[in-house]
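One structure is given here, and the rest of the page talks about it.
Just follow the structure's listing: the first ligand is 1, and inside any ligand the first atom is 1. All figures in this text were calculated on a predicted structure; none of them were measured in a lab. All residue numbers refer to positions in the sequence shown, counting from 1.
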Amino acid sequence: MSLGVVVLGPPGAGKGTQGESLARAFGIPKISTGDMLRDAVAARTALGRAVAATVHGGGLVSDETMIAIVRERLARPDASCGFVLDGFPRTVAQAEALDETMAGRGPLTVLYLDVPTEELVRRLTTRRICGTCGTNAPPGARDDDRCGKCGGGFERRRDDDEAIVRERLRTYHEQTAPLVAFYRASATFHAIAGNRPPEVVAAALGAAFEADAVAAGRLVQRTR
Ligand code: AMP
């Protein structure tokens with residue numbers, strides 16, 4: 001049985017950062033579909049060339065493509081005990097496909113990070129990330145500072161331009177927000193206020209995940 005986690009929420013809610021720390025805390029992989037697509041675009045693979053314009057413009061890649069990518073990724077051995085999904089599902093069709101994939105695998109914890117829209121725009125249009133490993137630059141970092149994790153330089157994400165951010169938020173409200181209604185009735189759905197200090201949000205996410213694991217009869221151990 002595996003313990004699957006979906007971190008759900010609008011762009012800029014902190015899914016990447018929080019998903020990463022949850023995955024690290026419990027020793028399971030974090031799977032970010034946005035990172036997978038950006039890697040494919042950078043490597044100019046067939047997939048990357050097919051999705052580049054969509055990813056840069058803030059639209060959604062087709063359900064068919066995304067479902068195939070995630071199915072293949074979840075079938076790998078490192079995801080057999082558990083995983084944290086960041087950026088998937090983004091549509092009801094993707095959520096239904098994930099339910100099918102999870103059938104017989106164990107409960108799916110859904111952690112919904114709720115953050116007001118203007119705060120999202122502020123975060124996205126001011127954030128810089130490491131060009132090598134994708135880690136967010138710490139608050140107040142200078143232009144020539146280097147990433148504390150890998151030494152890479154910081155840059156803006158191409159789709160963090162304000163017009164594209166607004167488009168991504170529009171896409172979110174149209175296609176992804178309905179997922180909150182899709183999952184809300186589930187016993188393993190948790191809405192968490194994401195507009196708080198990161199360590200407070202991390203503690204709330206960890207506690208919700210642990211509670212679901214215990215309810216499912218699984219002992220999870222924090223690795224750090
Ligand atoms: P993210 O890093 O999660 O904000 O994703 C960046 C971009 O990748 C999105 O704006 C979409 O164009 C694309 N993308 C990532 N995940 C998905 C998904 N599950 N379905 C469709 N498109 C996606």
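Hydrophobic clustering places V61 together with L85 (ILVMFWY residues linked when any side-chain heavy atoms are closer than 4.5 Å, directly or through intermediates). Transitive grouping of hydrophobic side chains (ILVMFWY, heavy atoms separated by less than 4.5 Å) keeps I129 and V165 in distinct clusters.
Close approach of ligand 1 to R168 is summarised as follows: ligand atoms under 4.0 Å from at least one heavy atom of the residue are 4 (O). Those atoms of ligand 1 that come under 4.0 Å of a heavy atom in T33, given as number and element, are 15 (C), 16 (N), 17 (C), 19 (N). Listed by atom number, the atoms of ligand 1 under 4.0 Å from G59 heavy atoms are 10 (O), 11 (C), 12 (O). For ligand 1, the atoms closer than 4.0 angstrom to any heavy atom of Q94 are 18 (C), 19 (N), 20 (N), 21 (C). Within ligand 1, counting atoms from 1 as listed, the ones closer than 4.0 Å to a heavy atom of R157 are 1 (P), 2 (O), 4 (O), 6 (C).
With S80 contributing its side chain and P77 its backbone, the two residues share a donor-acceptor pair below 3.5 Å. Side chain of E119 to main chain of N195: no donor-acceptor pair is present (N/O by atom type, distance under 3.5 Å, no hydrogens or angles). Using modelled atom types, no side-chain atom of R90 and backbone atom of T176 make a donor-acceptor pair closer than 3.5 Å. Not one N or O on the side chain of T109 forms a donor-acceptor pair closer than 3.5 Å with the backbone of V5.
Looking only at heavy atoms of the protein, atom 6 (C) of ligand 1 is closest to R38 NH1, 3.4 Å. The protein heavy-atom contact nearest to atom 13 (C) of ligand 1 is L37 CD1, 3.4 Å.
Closest heavy-atom approach to atom 7 (C) of ligand 1 among the candidates T91, L124, V55: V55.
Qualifying ring-ring contact (aromatic ring centres under 6.0 Å, His included) partners for F88, counting only residues two or more places apart in sequence or in other chains: none.
Ligand 1 does not have M36 within reach: every non-hydrogen atom of the residue lies 4.0 Å or more from it.
Each of R128, R123, R168, E155 was scored for a side chain to side chain contact (heavy atoms under 4.5 Å, CB included) with D160, with one residue passing: R168.
Taking the six-membered ring for Trp and the full ring otherwise, the centers of Y112 and Y183 sit at least 6.0 Å from each other.
The proximity of K15 to ligand 1, defined as any non-hydrogen pair under 4.0 Å, does not occur for either the backbone or the side chain.
Ligand 1 has an N or O atom lying under 3.5 Å from an N or O atom of R90, backbone or side chain. The N/O atoms of G87, backbone and side chain alike, include one that comes under 3.5 Å of an N/O atom in ligand 1. Between V61 and ligand 1, a contact under 3.5 Å exists for at least one N or O pair.
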